[in-house]
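All values reported here derive from a predicted model rather than from experimental measurement. First the proteins, then the strands, lettered A, B, ... as listed; each starts at 1.
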2 protein chains.
Amino acid sequence: MVHNDLPLYLKIYHQLREEIESGKYRVGDLLPSEEELAETFQASRTTIRNALQELEKDNLIFRKRGKGTIVQEPKTAQNLNYISSFTETLRSKGVEVATGTLTVELVPAPPKVAGALDLERGELVYLVQRTRVAGGLPIAFITNYLLPRMVPDLEKKKEALRTKGLYQLLEEEYGLRLHRAVETIEAYLSGPLEADLLHIPEKMPLFHTVRVVYLEDGIPFEVDISVIRADKYEYKVFLEGRPKENRRSLK
Amino acid sequence: MVHNDLPLYLKIYHQLREEIESGKYRVGDLLPSEEELAETFQASRTTIRNALQELEKDNLIFRKRGKGTIVQEPKTAQNLNYISSFTETLRSKGVEVATGTLTVELVPAPPKVAGALDLERGELVYLVQRTRVAGGLPIAFITNYLLPRMVPDLEKKKEALRTKGLYQLLEEEYGLRLHRAVETIEAYLSGPLEADLLHIPEKMPLFHTVRVVYLEDGIPFEVDISVIRADKYEYKVFLEGRPKENRRSLK
DNA sequence: AAGTGGTCTAGACCACGAA
DNA sequence: TCGTGGTCTAGACCACTTA
């Protein structure tokens, strides 16, 4: 008998989540009150509140003082902007993604990359370049720069990159935890270079994105530069809340 | 003497935040331990932890068991993807934004809008259309559909829309709290219509975004359709964490 | 008035990191 | 081993909603 060693509040979170997703509670329904839940799970109210807080982060519920805990509209319930690779995003939509060209090499960091990764000019970084193919068409050209000290012998994993996403590899093979990222999205027209790489005419609309990924302790770890056919892709962004007031003056 | 009636943990949050931003603690420094903070603020450790949790949401700190609470790299510290209008985003970058054309009227909801806002076909919605001008150039054409029952007499506020953003107006004049939004970003080439609206040639790259905004209780409230000159604008997206594992099986 | 979630206390033990 | 944050308890009072 394996005892699941998750903290109690996470176990309760998972169970409640399953009950919500299984349809036991409908959208708009009230969950049992915190006190009742504490009773049924034989836990303190604090622990229940921790579990509910997790559900709230997932936007599966929202709470109203004096009213209760209400199950959310699932339409908006997947909320977070996770760090997902291009490949993962497409696959989650059911699109088959293959790898066209693939190179892995150690190169001196270009100035902008060195700046983003806090490196000295000329320090070596891993450069991974891939063409991504969906439905037989090359639809994206992806360039990644990675800190070599975090991913030793990356070139030996080259073949793994053909089948799994880069981020999946980083997690599974190197145990890295990607924590945060900042991405800028621009759009422009293909020039001769892009036309050649993606087998498209010039003056087609393209997305150009630059993403810097940080590890848990705030170390910048990876730069991802993607060029994607805009006629084959769209971004979905989840937004939450309004910008905060800047400081209340205490009197 | 006005006593600030914020909850204690929020007061502590604000004070710590100010101390961090004022440079009292440097990046990488450890904050005092939770117990010490409890002592200095004369509060329980639970309350301190609530305050620290808020700082963590802002990505100003991160915590490591056995180590302590560490002040974060400010580069990634603004984390959230807030619901901001085009105007607010540009203004925060120091760009002056003016309004070109502006119309406010009640119209039957187009099918797609009716779907997004949970309306019957043909129900009336407010339609707001604006050209946004920066640096003398029209750079965006923005279309908003709003639930009329939430914004009575919107046409009377028309002039206010010339100077403030729509979202600011919704908050200040109607007391609405925008809670969540989902936005899709696409890119395409200008056709004759866009060329005319924005005074640009055809076949220029444009962003096309569709945003649905939800209120606190999950009611879809507004649809924002923007067409933006891609050569004058970029999106910045903050990403956090990796997609969650799908369910652990309990044994 | 009754019931809900929000805040707060004062304790306790555990898991992890560093010395 | 010691100090840290992580989890958990059993209470208490408050602010808000609904009836």
Result of checking B:V107, B:L106, B:N144 against B:Y126 for side-chain contact (heavy atoms from CB on, under 4.5 Å):
B:L106

Candidates C:dT4, C:dC8, D:dT7 - which lies nearest the side chain of B:P7
C:dC8

Whole angstrom value for the distance that separates C1' of C:dG5 from CG of B:N50:
14 Å

The correct set of residues in residues 35-43 of chain A placing a heavy atom under 4.0 Å from DNA chain D is A:Q42, A:A43

At their closest point, which heavy atom of A:L8 faces which heavy atom of A:A43, and how far apart are they?
CD2-CB, 3.9 Å

Within the structure shown, what part of the strands sits under 4.0 Å from A:L8 by heavy-atom distance: base, sugar-phosphate, or nothing?
sugar-phosphate

Between A:Y174 and A:P152 (side chain of the first, backbone of the second, donor and acceptor by atom type, cut-off under 3.5 Å), is there such a pair?
yes

Return no unless some side-chain N or O of A:S44 is found under 4.0 Å from OP1 or OP2 of D:dC8.
no

Rounding to a whole Å, what distance do you find between A:I48:CD1 and D:dT9:C1'?
12 Å

Check the surroundings of atom CZ in B:R177: do more than 12 heavy atoms from other residues, nucleotides or ligands lie under 6.0 Å from it?
no

Report the distance from atom OH of B:Y9 to atom P of C:dG6, rounded to the nearest whole Å.
9 Å

List for me each residue that meets side-chain hydrogen bond (donor to acceptor under 3.5 Å, both in side chains) alongside A:Y9, sequence neighbours excluded, and say none if there are none.
none

Could you state the CZ-P distance from A:R49 to D:dC8, rounded to the nearest angstrom?
15 Å

Using whole Å, report how far CD of B:E34 lies from C1' of D:dT7.
12 Å

Hey, is the side chain of A:T69 poking within less than 4.0 Å of OP1 or OP2 on C:dT4, counting only N and O atoms?
no

Is the backbone of A:V237 close enough, under 3.5 Å, to the side chain of A:N81 for a donor and an acceptor to pair up by distance?
no

Let me know the distance between CD1 of B:I12 and C1' of C:dC8, rounded to the nearest Å.
11 Å

In B/S/- notation (B base, S sugar-phosphate only, - none; protein heavy atoms under 4.0 Å), nucleotides 11-19 of chain C written 5' to 3' is -B--BBSS-

Does atom CD of A:E35 have more than 12 heavy-atom neighbours from other groups under 6.0 Å away?
no

Please check if the number of heavy atoms outside B:K112 that lie under 6.0 Å from its NZ is greater than 12.
no

For A:E54 and D:dG6, what is the distance between atoms CD and P respectively, to the nearest whole Å?
12 Å

Could you check how far CG of A:L10 sits from P of D:dT7, rounded to whole Å?
7 Å

Within the supplied structure, the quantity of interest is the number of heavy atoms (other residues, nucleotides, ligands) at a distance under 6.0 Å from A:E39 CD; does it exceed 12?
no

Just to be sure I understand the rule, does A:L30 reach a base, reach only the sugar-phosphate, or reach nothing, if contact means heavy atoms closer than 4.0 Å?
nothing

